[in-house]
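Presented below is the structure to which this report refers.
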Amino acid sequence: MADDKKLTTRAEDFSAWYNEVVLRAELADYSPVRGCMVIRPNGYGIWERMQRALDTAIKAAGHENAYFPLFIPESYLHREAEHVEGFAPEAAVVTHGGGELLAEPLVVRPTSETIIYSMYAKWVQSYRDLPILINQWANVVRWEMRTRLFLRTLEFLWQEGHTAHATHDEAEAEARTILALYRDFMENWMAMPVVTGVKTASEKFAGALRTYTCEAMMQDNKALQAGTSHNLGQNFAKAFDLTFQSEAGTIEHAWNTSWGVTTRLVGALVMTHGDDNGLRTPPRLAPIEVVIVPIWKSDEERGRLLEAANRVRDSLTQWRGRGEDPLRVRVDAREGVKPGAKYYEWELRGIPLRLELGPRDLEKQACMAARRDTREKQSLPLDGLPAAVAGLLQRMQDDMLRAARERREANSVRHAVSYDEFRQLIEGPGAFVYAGWNGDPAVEAKVKEETKATIRCLPDEEFRSPSPPARCLVTGEPAAHEVLWARAY
RNA sequence: CGGGACGUAGCGCAGUCCGGUAGCGCACCUGAAUGGGGUUCAGGGGGUCGCGGGUUCAAAUCCCGCCGUCCCGACCA
């Protein structure tokens with residue numbers, strides 16, 4: 001039946017809806033190996049846009065790209081006590097090579113701190129060799145028990161930055177700089193607002209001094225950690241003899257940071273912006289921003305309309321009103337597929353703007369423009385079309401961020417007055433709930449146990465309440481912090 | 001690893017209780033008409049019914065064993 005074509009609605013079953021969008025928008029597919037994922041061209045195109053934007057920003061912040069090996073000697077993981085505890089259980093280990101049992105097993109990197117800092121140790125002698133600011137684009141493997149397309153796969157793609165500095169303050173500034181960079185990307189490219197802040201001890205990266213996070217709210221009101229930046233202190237420098245001679249002549253351990261974002265961002269995009277018709281992509285991230293659908297009835301019309309559609313495409317792609325960022329346009333000239341079917345398909349795939357061009361439009365020297373985000377249609381004159389389209393795309397970009405922010409604020413509670421009320425909020429539809437915390441890990445654990453909610457972060461200044469709660473939500477003791485609670489992916 | 005469900009065409013499923021020639025929808029191929037929001041009609045291709053064993057004249061169906069997947073928990077970007 002025609003019902004096969006319909007998506008499960010978000011309200012009915014968010015998880016089923018999410019999987020359907022990812023599969024049917026051809027972002028990804030399941031691989032023969034459980035928990036791994038094949039990223040299809042449509043999904044990889046979005047990831048490439050993300051990569052390009054992030055890579056540019058990371059380089060502008062003074063970093064260079066390099067590449068370190070996939071295999072890490074197993075003993076490296078064991079050098080930092082907390083790190084091995086965090087990652088050994090989910091490590092994939094190679095025991096054989098060339099048909100022989102290996103003398104030392106090789107771990108497929110779950111993250112590259114150990115291999116990278118062991119190399120930095122060779123490269124650094126003097127404070128003059130610092131800072132080292134390196135980023136790499138790579139894949140990593142973590143043997144998760146349960147997986148989910150894009151959000152948690154056994155293998156995933158990411159960028160991981162690894163820096164070494166002469167002082168704590170410099171490393172701290174670096175970690176904060178990257179956090180701000182991530183937030184800028186998530187908000188201004190992905191149109192996905194995030195709350196930034198610092199993780200609690202129980203939620204921080206294994207081996208870090210402090211972990212900073214970007215927390216996004218998905219449409220089912222669950223939180224998703226979209227990116228992290230760690231001040232590693234001297235923990236890895238001590239484990240890998242990463243030392244330098246200071247200006248004063250003393251031998252010091254370097255201070256490290258590491259930070260990364262992953263293909264999870266593609267999943268975050270779907271769960272932030274998708275609707276009951278499929279994916280919505282903010283124009284800046286869309287591999288194709290505009291699709292032109294010519295409409296014809298006869299062969300004579302077909303030739304005329306295709307020619308017109310190509311002319312419109314050329315006028316858009318050749319326009320330079322956006323500097324070195326030409327409009328990304330595609331003409332859907334397929335025969336045997338009705339226009340309506342094309343509309344549904346491009347909507348499912350999230351193309352921001354559709355231009356319908358039929359005989360009636362051509363007579364009026366106009367075309368019909370349909371926004372993916374609001375599904376509003378308007379007629380645009382072909383004269384001056386590129387500037388109008390670019391303006392419309394920019395407005396869509398802004399509107400999507402605003403809408404996502406409004407949704408988050410509508411589902412955020414500045415602070416719960418009682419633990420009962422808190423539990424009701426968290427166990428109900430779910431939300432971001434800000435509350436007072438006395439700083440005791442036991443309280444954190446108790447709430448997690450009872451409600452499945454975790455402290456997402458101690459939010460940065462700009463996210464805190466104007467009048468923060470004075471008391472700990474659970475114990476009633478004076479509150480040491482205001483924290484953000486949520487159920488999370 | 002604990003609790004639950006499922007495994008039949010590329011995808012989604014019915015058929016299993018009560019054994020008797022392998023079915024439906026979508027997708028795909030051919031032809032014609034159609035074409036401004038998922039076209040219609042006609043024809044067609046595609047299956048060791050997860051694997052192995054057993055019962056039976058006869059097994060997708062009943063019995064035994066194995067394997068795999070998904071969902072709920074513990075772990076996580």
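So you know, we letter chains A, B, ... as the sequences are listed, proteins then strands, and number each from 1.
For the segment residues 343-359 of chain A, the set of residues with a heavy atom within less than 4.0 Å of an atom of RNA chain B comprises A/Y343, A/Y344, A/E347, A/R354, A/E356, A/G358, A/P359, in numerical order.
In this structure, the NZ atom of A/K342 is 10 Å from the C1' atom of B/rG35, given to the nearest Å. A/L306 places its CG atom 17 Å from the P atom of B/rG35, with the value rounded to the nearest Å. In this structure, the CD1 atom of A/I295 is 13 Å from the P atom of B/rU39, given to the nearest Å. Rounding to whole angstrom units, CG of residue A/L7 and C1' of B/rG12 are separated by 14 Å. For the pair A/E300 CD and B/rG35 C1', the interatomic distance rounds to 15 Å; values are reported in whole Å.
Of all nucleotides present, only B/rG73 satisfies the Watson-Crick or G-U wobble test against B/rC1, with each distance under 3.5 Å. Nucleotide B/rG50 forms a Watson-Crick or G-U wobble pair with B/rC66, both donor-acceptor distances falling under 3.5 Å.
Here the side chain of A/R34 is nearest to one of B/rU69, B/rG35, B/rA77, namely B/rU69. Closest approach to the A/T228 side chain among B/rC75, B/rG38, B/rA77 is made by B/rA77 (side chain taken as heavy atoms from C-beta onward). Side chain of A/M145, nearest nucleotide from B/rC75, B/rA77, B/rG36: B/rC75.
The P atoms of B/rU39 and B/rU34 are separated by 16 Å, rounded to the nearest whole Å. Between B/rC1 and B/rU48, the distance separating the two C1' atoms is 35 Å to the nearest Å. The separation of B/rG23 from B/rG47, taken at their P atoms, amounts to 13 Å, rounded to a whole angstrom.
Residue A/G86 is out of contact with every strand shown, counting any heavy-atom pair closer than 4.0 Å.
Taking side-chain N and O atoms only, A/K452 has no distance below 4.0 Å to OP1 or OP2 of B/rG73.
Taking the six-membered ring for Trp and the full ring otherwise, the centers of A/Y117 and A/F68 sit at least 6.0 Å from each other.
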- Message: Would A/W437 and A/H481 count as a ring-ring contact (aromatic ring centres under 6.0 Å, His included) here? Give the steps.
- Response: CA-CA 5 Å; A/W437 180 48; A/H481 314 278; 5.8 Å; yes
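Taking only distance into account, the side chain of A/K377 meets the base of B/rG37 through a donor-acceptor pair shorter than 3.5 Å.
In this structure, A/F422 and A/W485 have perpendicular ring planes: the angle between them is above 60°, well past the 30° mark.
Taking the centre and axis of the six-membered ring of A/Y212, the NZ or CZ atom of A/R210 falls outside the cone set by 45° and 6.0 Å.
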